[in-house]
There are 2 protein chains.
Amino acid sequence: MNKGDLVELVAADLGGPRSHAEKAVRAVLDAVLEGVERDGSVTLAGFGTFERKHREARPGRNPRTGEALVIPASSTVAFRPAAALKRIDAPSESMVAVAATD
Amino acid sequence: MNKGDLVELVAADLGGPRSHAEKAVRAVLDAVLEGVERDGSVTLAGFGTFERKHREARPGRNPRTGEALVIPASSTVAFRPAAALKRIDAPSESMVAVAATD
DNA sequence: GTTCGACCAGATCACCCTTGTTCATGCAGC
DNA sequence: GCTGCATGAACAAGGGTGATCTGGTCGAAC
């Protein structure tokens, strides 16, 4: 799913025109990045937490040549999903039971 | 930073009332979850990709008791940030140069 | 007021991360 | 609406890193 489809979903939710939903999507994404840049972390209850993580330099390897190299330290944005959207998958053996229950 | 602050940023961006921005934030977050559920992944160019990742069951351990246990298979939502928001930190040796340049 | 998130402990395994290319697609501008 | 540009995905291999378990409480957020 790409941004266009997401905009359609947002438009369906907000009920307004797609152009408005598109602006809303951009505004939210930009605000998240802004918040991460400013505060270092953005916590959205029930959704997850975006946080800027500093990664130490560490030894890496060029997968093409196999040559060892040093991956420089970098800052990236990590996302920790809220517990609400972690779903425990039923074990394979229970799938039959689930199917029977369902 | 919490959801309220994010809403304020979005409101400042959209220019509308905060109540409207709050609805927009909820709509976007909900749409992302909806998209992940539907399609398995949501790609936002310049921001990142949300994708549902299936994690196999694996042996774990209760950190309190040290007792071994099996972590059941689960599905979670992972976020891969776009290359644009990965920032390479200057090496320590360059910090002096940066300081000198700055 | 209620619920949700963070924290911490220790051990372990999955996965992320590098390079570099190309192609295709998505996005945005005209 | 079309085109152009930019960005994402995939692959290959290996090692380091972090995510993960529980759980109770406190504080903040909703």
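Remember, predicted model here, so these are calculated numbers, not experimental data. In what follows, chains are A, B, ... by sequence order, proteins preceding strands, each numbered from 1.
Put simply, NZ on K53(A) is 13 Å from C1' on dA6(C), counting in whole angstrom units. Distance CG (L69(B)) to C1' (dA9(C)): 14 Å, rounded to an integer number of Å. Rounding to whole angstrom units, CZ of residue R55(B) and P of dT12(C) are separated by 17 Å. Between N2(A) atom CG and dA28(C) atom P there is a gap of 11 Å when expressed in whole angstrom units. Taking atom CG of residue L29(A) and atom C1' of nucleotide dA28(C), one finds them 16 Å apart after rounding to whole Å. Rounded to an integer number of Å, the gap from NE2 of H54(A) to P of dT17(D) is 12 Å.
Going from atom CG of D30(B) over to atom CD of E37(B) covers 10.5 Å, rounded to the nearest 0.5 Å. A distance of 8.5 Å separates OG1 in T43(A) from CZ in R80(A), rounded to the nearest 0.5 Å. In this structure, R52(A) CZ and T76(A) OG1 are separated by 11.0 Å, a value rounded to the nearest 0.5 Å. With rounding to the nearest 0.5 angstrom, the OG atom of S41(B) is 11.5 Å from the NZ atom of K53(B).
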Collect all protein-nucleotide pairs involving nucleotides 5-11 of chain D in which both atoms are nitrogen or oxygen and the distance is under 3.5 Å.
from	atom 1	to	atom 2	distance (Å)
dA9(D)	OP1	T49(B)	OG1	3.2

Please list each protein N or O that sits under 3.5 Å from an N or O in nucleotides 12-14 of chain D, with the distance.
none

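Two residues are said to be in side-chain contact when any heavy atoms from C-beta on lie closer than 4.5 Å; L44(A) and T49(A) fail this criterion. Considering only heavy atoms from C-beta on, L9(A) stays 4.5 Å or farther from V7(A) through its side chain. Looking at heavy atoms from C-beta onward, F47(A) lies in side-chain contact with V32(B) at the 4.5 angstrom threshold.
Each of R26(A) and P59(B) was matched to the nucleotide of DNA chain C holding its nearest heavy atom; the match closer to the 5' end belongs to P59(B).
Taking 4.0 angstrom as the limit, K3(B) places none of its side-chain polar atoms (N or O) nearer than this to OP1 or OP2 of dG5(C).
Residues of residues 4-25 of chain B having a heavy atom closer than 4.0 Å to DNA chain D: none are found.
Taking the six-membered ring where tryptophan is involved, the planes of F50(A) and F79(B) are perpendicular, since the angle between them exceeds 60° and thus also 30°.
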May I have the list of side-chain donor-acceptor pairs in residues 15-23 of chain B shorter than 3.5 Å, sequence neighbours left out?
from	atom 1	to	atom 2	distance (Å)
R18(B)	NH1	E8(B)	OE2	3.4
E22(B)	OE2	R26(B)	NH2	3.4

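Annotation: side-chain contact (heavy atoms from CB on, under 4.5 Å) contacts of D5(B) (sequence neighbours excluded): M1(B), N2(B).
The side chain to side chain donor-acceptor pair (under 3.5 Å) analysis of residues 61-72 of chain B, with sequence neighbours excluded, yields no pairs.
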